[in-house]
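Okay, so here's the structure we're looking at.
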Amino acid sequence: MPLIPAPAGVLEVDALWQQDNPNDPNTDTVALLCHPNPLFEGTMNNKVVTTMYRFARDNDMHVVRFNFRGVGQSTGEHDYADGEVLDAMTVLQWLAGQTNARKLWLGGFSFGGYVTARVAEQVLVSPQVWGLSDFEINKVALISPSIEKNDSSDISLPIDKTFEIYGNADEVIAPANMQAFADNLGIDVSVVDGAGHFFHGRLTELKKLLEKHSFGNTD
C-alpha cells in the first residue's frame, strides 16, 4: 500500500482501481471512505468500512480507504477530527492526481462519519481552496455518525445527496440524537431495527441500504 505525503508525515492508503486502471474510461466515480475512532482501535480495515469498500467496488467505483494519522503506517497523533479532516482532504488531493474520475461517493462510519460530513462540507463550500473545483459530490453516506462528541450544529451538506444509516439498538451513540441530526438537516435516514453500533450480523442489510440510497435499488 502506498504511503503518501501528508501534513503529519505520511498516510497509508489502500486504493482499488477498476480494471487495475485509475483512468479506466468506464469509471467516473471514486469512493473515499473514513474509518472509526483510532482511540477505540478504529482502522481502515473495520468491517463496516470494508462493507462500504465492497459495495463501491461491486458497483463499478474506484475505492480508496486510508488510515488516519497515528494508525497503521500513517504517522502523527490523533487530533480529535480537525487533523483527520485534513488527512482526508490530503487523500482527495492525491486522488485528483491519480485518476480522471471526478464524481465522489463519500462514506464514513462513526468518528469517520463525522469526518466525512466535514469533508463533504469542504468540497461543497470551498473546493477551490483545495484545488478540487472539478469534483462533484455524488453521495454522502453517514453510517452511525459520531455527532455527540463532535460539533455538528453548523455543518453544511448537500442535503439531497446525503443519507444516514444507524441501528436503533446503538450502544455507543444515542439513536435519538442521530435521528435528530438527520431531522435537523433534512437528510434521508434508514434505521436498522435491532442493530447495534457495529452492525454485528447485519452487514448484508447495511450493504443493501447503501445500494438503495445510492441507486434506488430496493430488491
Side-chain angles (χ1 to χ4, degrees), residues 7-8 31-44 46 48-49 51-52 65-71 76-92 104-127 129-130 132 135-192 195-199 206 209-210 213-214:
L32 179 69
L33 311 178
C34 294
H35 70 71
N37 197 323
L39 298 182
F40 301 96
E41 301 183 351
T43 77
M44 66 176 173
N46 167 272
V48 173
V49 175
T51 297
M52 287 191 284
R65 57 184 170 180
F66 66 100
N67 277 327
F68 289 130
R69 56 186 61 196
V71 180
E77 297 180 356
H78 182 65
D79 194 37
Y80 302 92
D82 288 345
E84 284 75 13
V85 171
L86 185 55
D87 290 345
M89 298 307 297
T90 299
V91 176
L92 269 182
L104 287 176
W105 193 98
L106 301 172
F109 169 52
S110 196
F111 172 78
Y114 174 76
V115 171
T116 292
R118 287 297 185 192
V119 168
E121 180 178 52
Q122 290 297 315
V123 176
L124 179 70
V125 175
S126 55
V129 172
W130 306 95
L132 300 172
F135 277 84
E136 175 188 356
I137 293 175
N138 189 346
K139 289 291 180 179
V140 181
L142 308 178
I143 314 301
S144 306
S146 181
I147 42 80
E148 292 179 333
K149 296 181 179 178
N150 300 286
D151 183 13
S152 56
S153 60
D154 62 343
I155 205 157
S156 296
L157 289 169
I159 301 304
D160 59 334
K161 299 177 180 179
T162 303
F163 62 92
E164 179 185 71
I165 301 172
Y166 69 87
N168 63 5
D170 195 307
E171 67 285 8
V172 177
I173 303 165
N177 289 341
M178 288 187 283
Q179 185 63 51
F181 172 76
D183 290 344
N184 289 340
L185 285 170
I187 61 176
D188 285 344
V189 60
S190 286
V191 181
V192 182
H197 187 65
F198 296 97
F199 294 90
L206 175 60
L209 285 171
L210 292 172
H213 282 283
S214 297

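Computed from a predicted model, the values in this text were never measured in an experiment. In this chain, numbering begins with 1 at the start of the sequence shown.
- In this structure, V125 and S156 approach most closely via the heavy-atom pair CG2-CB, 4.1 Å.
- Residue L132 holds its CG atom at 9.5 Å from OG of S126, rounded to the nearest 0.5 Å.
- With a 6.0 Å radius and a threshold of 12 heavy atoms from other residues, nucleotides or ligands, E171 has its CD atom above the threshold.
- Taking the side chain as every heavy atom from C-beta outward, L32 and L92 approach each other to under 4.5 Å.
- The side-chain heavy atoms of P127 and F135, taken from C-beta on, include no pair separated by under 4.5 Å.
- Between the OG atom of S146 and the CZ atom of F109 there is a distance of 10.0 Å, given to the nearest 0.5 Å.
- Of all the heavy atoms in P175 and G167, the pair that sits closest is CG-O, 3.8 Å.
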Determine, stepwise, if the pair N150 / V115 fulfils side chain to side chain contact (heavy atoms under 4.5 Å, CB included). CA-CA 9 Å; N150 300 286; V115 171; over 6 Å; no
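- Side-chain contact check for K139 versus L210: every heavy-atom pair is 4.5 Å or farther apart.
- The closest donor-acceptor contact from the side chain of E148 to the backbone of A174 lies under 3.5 Å.
- Rounding to the nearest 0.5 Å places CD of E164 at 6.5 Å from CZ of F181.
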May I have the step-by-step check of side chain to side chain contact (heavy atoms under 4.5 Å, CB included) for W105 and L33, ending in yes or no? CA-CA 8 Å; W105 193 98; L33 311 178; 3.7 Å; yes
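- The closest donor-acceptor contact from the side chain of N67 to the backbone of T43 lies at 3.5 Å or more, if one exists at all.
- Using a 30° and 60° split on the angle between ring planes, F68 and H35 fall in the tilted class, from 30° to 60°.
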When you look at F40 and H197, which way does the ring pair (Phe, Tyr, Trp, His ring centres under 6.0 Å) test go after all the steps? CA-CA 13 Å; F40 301 96; H197 187 65; 9.9 Å; no
Decide yes or no on side chain to side chain contact (heavy atoms under 4.5 Å, CB included) for E136 and V123, but give the supporting numbers first. CA-CA 8 Å; E136 175 188 356; V123 176; over 6 Å; no
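- Between the side chain of R69 and the backbone N or O of G83 there is at least one donor-acceptor pair closer than 3.5 Å.
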Go through N138 and L104 one step at a time and tell me if the side chain to side chain contact (heavy atoms under 4.5 Å, CB included) criterion holds. CA-CA 5 Å; N138 189 346; L104 287 176; 5.7 Å; no
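- Ring geometry for H213 against F163 counts as parallel: the plane angle stays under 30°, on a 0 to 90° scale with 60° as the upper cut.
- Put simply, CZ on F199 and OH on Y166 are 10.5 Å apart, with the number rounded to the nearest 0.5 Å.
- In this structure, the side chains of D170 and S144 come closer than 4.5 Å at one or more pairs of heavy atoms.
- Of the inter-residue distances, the one linking D87 atom CG with F66 atom CZ reads 6.0 Å to the nearest 0.5 angstrom.
- Proximity of a side-chain donor or acceptor of E84 to a complementary backbone N or O of H78 within less than 3.5 Å is not detected.
- I137 contributes atom CD1, which lies 10.0 Å from atom CG of D160 (distance to the nearest 0.5 angstrom).
- Heavy-atom minimum distance, V71 versus P38: CG2-CB, 3.4 Å.
- Scanning all heavy atoms of the two residues, the minimum distance from P145 to I173 falls at O-CD1, 3.4 Å.
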Quick one: do D154 and R118 satisfy salt bridge (Lys or Arg N to Asp or Glu O under 4.0 Å)? Show the steps, please. CA-CA 10 Å; D154 62 343; R118 287 297 185 192; 3.2 Å; yes
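- The two residues T90 and P7 have their closest heavy-atom pair at OG1-CD, 3.4 Å.
- Between T116 and V140, the shortest heavy-atom distance links the atoms CG2-CG1, 4.0 Å.
- L39 places a side-chain heavy atom less than 4.5 Å from the side chain of Y80.
- Just one of L142, L209, V48 meets the side-chain contact (heavy atoms from CB on, under 4.5 Å) condition when paired with I165; it is L209.
- Residues V129 and Q122 form no side-chain contact, since every pair of their non-hydrogen atoms from C-beta on lies 4.5 Å or further apart.
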